[in-house]
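The sequence lines fix the lettering, A, B, ..., with proteins before strands; numbering per chain opens at 1.
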Number of protein chains: 2
Amino acid sequence: MTETGPDEAVPGESFGGVTPDAARRLLLAAVEAFAERGFHATTTRDIASRAGMSPAALYIHYRTKEELLYHISRVGHERTVCLLTAAEQSGHSVTERLDGAVRDFVRWHAAHHTTARVVQYELAALGAEHYAEIVTMRRRTEEVLRGLLADGVSAGEFTVPDIPGTAVAVLSLCIDVARWFRTDGPRTPEEIGALYAALVLRMVGGEPREADYQ
Amino acid sequence: MTETGPDEAVPGESFGGVTPDAARRLLLAAVEAFAERGFHATTTRDIASRAGMSPAALYIHYRTKEELLYHISRVGHERTVCLLTAAEQSGHSVTERLDGAVRDFVRWHAAHHTTARVVQYELAALGAEHYAEIVTMRRRTEEVLRGLLADGVSAGEFTVPDIPGTAVAVLSLCIDVARWFRTDGPRTPEEIGALYAALVLRMVGGEPREADYQ
DNA sequence: GTCTATAGGCGGATAGAC
DNA sequence: GTCTATCCGCCTATAGAC
C-alpha cells in the first residue's frame, strides 16, 4: 500500500507536513471551501474564518487566494502521480500493475474526494504560469497510463486497438469519481476501487479476475 | 439518428426555439461565458456584452443570473434524457440499445461540450428549488441506464455483477467527455461515441462488436 | 504573527428616460 | 425593449497598531 497512515480518510492528510500550523489550517479550510462552493464563489473571509483567523491573517502566509489553490493543486497532483508511478513499478504482471494503479487512483479520489474535487475541477482558476506547471504533471499521468496499456498489449495480456483513446477514457472514468462520490453513499472507497479495477480490466480486454468483482 | 439538423455542432442548437431573439442571444452568450469561466466568475456585464446589449437588458428577459443557468440546465437535461429514452426504445437487441445510448449520449457531450460543461458542472450554483428539479431529471437518467443493464443481463447478453455500480460508472465515463473534449483534438464526436460504445460493451461483458472498435 | 480598520474596485440588480 | 446612470453591498488586499 502507498497510504501514509490512519488519517488517510481525512481531507488534508496530504498537508500534514505544512508549517507553520496556521498555514496548514488555512490550506485545509481552503480545500473545504473550494470544494463546497468553487474557487470563485469562495471568499478569503470564508477561508480565514473556517481557519479561526481574521481575513488579514491569510495574507501573512499566502500572497493571494490563487496561491492557496496552487498549493492544493500541486500537492494533489504530486500525490496522484506518485500513486500511479508506484503502481507502475510494483506487481508481477501488467494486469496486476494496471489493477493496482486503477485501484489506488480511484480509492484516493473517493477517500479524498474533497481535495480531489479541487484538484480536478478548479484548474481553470489557476494563473497562467501555475496552470502550465500543473498541465505538465497531468501529461505525465497520461503517459504512465498509456505505458501500462502498451506494456499489456506487448505482453499479450490486453487487447487495446486504440491505446491513447482508451488511456483517456480510463483516466476520465477514475477522475470523475471525485465528482459523484459521497461519504454517505453505499460504497467504501476500497469497494469502488475494486469495482473500477475490474471494469477497467474488462475495458482493456484483460483477464477479468472476477473473484474481486463478484 | 436523433440529431436535429446541420447546426448540431453549434453550442446553442438546443435553444433555437427560444424567443424573442434577444432572450436566445443572451442564453447563448451565457452558455459560452459559464463554460469558459464558470457561473460565479461570469459577470452579467460579460453576458450582456457578448449578446451585444447593455447590462440592464438582461433583466428584461431573466429575473436573475441564476435563472439563465437554470434555463440552460433544464434544456440540456431534457435533451440528454430524451436521447437516452429514444435509444432505450429503439434497436433490436439490448446490445444495440446500449450501444446506441452510449454512442448518442457521448456524441452529444462531445459535440455540445460547451453546453454540456455548464449542464454537468455548474449544478451547484443553482438555487435550492431549481436544483431539486434538476436532480429529479438526473435520477431518471440513471434509471434508464440501470434498466438497460438489467435487461441485458436478463436477456443473457451482458454479465454485470453490480448493476447500480456499473450504471454509475458508465454514466460517469460518458459525462466526463464534456470536461476533456477539445474541438481541435484528434477525434470527432462520432469517433469518440463509437470508441466509448465499444468500451462500455466490454465493461458489461457484452459482445464486443469489435468491427466498430478497430 | 495576528488583529482592527479600511481602501479601492467590482458586481448584481434597479430607476427612469426614450 | 433597450439604454444610461447609479445604488449598495461585498470582496481582495493593504496599512498600521499591538
With sugar-phosphate meaning primed atoms plus P, OP1 and OP2, does Arg45(B) contact a base, only sugar-phosphate, or nothing at under 4.0 Å between heavy atoms? base

Side chain of Ala57(A) (C-beta onward), nearest among dC3(C), dT2(D), dG11(C): dC3(C)

Could you check whether His130(A) and Glu67(A), counting side-chain N and O atoms only, form a donor-acceptor pair closer than 3.5 Å? no

Does dT2(D) have its OP1 or OP2 closer than 4.0 Å to a side-chain nitrogen or oxygen of His61(B)? yes

Compare side-chain N and O positions of Thr44(B) against OP1 and OP2 of dG12(C) and report whether any pair is under 4.0 Å apart. yes

Using the side-chain heavy atoms of Pro20(A), tell me which of these nucleotides is nearest: dG1(C), dT2(C), dC3(D). dG1(C)

Looking at dC11(D), dT4(C), dG11(C), which one has an atom nearest to any side-chain atom of Ser54(A)? dT4(C)

Does atom CZ of Arg187(A) have more than 12 heavy-atom neighbours from other groups under 6.0 Å away? yes

Any side-chain N or O of Tyr59(B) under 4.0 Å from OP1/OP2 of dT14(C)? no

Considering only heavy side-chain atoms of Ala56(B), the closest of dT2(C), dT14(D), dT4(D) is dT4(D)

With a sphere of 6.0 Å drawn around CZ of Arg146(A), does it hold more than 12 non-hydrogen atoms of other residues, nucleotides or ligands? yes

Using the side-chain hydrogen bond (donor to acceptor under 3.5 Å, both in side chains) rule, take Gln120(A) and His109(A) through it: C-alpha gap first, then chi angles, then the decisive distance, then the call. CA-CA 10 Å; Gln120(A) 300 291 356; His109(A) 278 78; 3.0 Å; yes

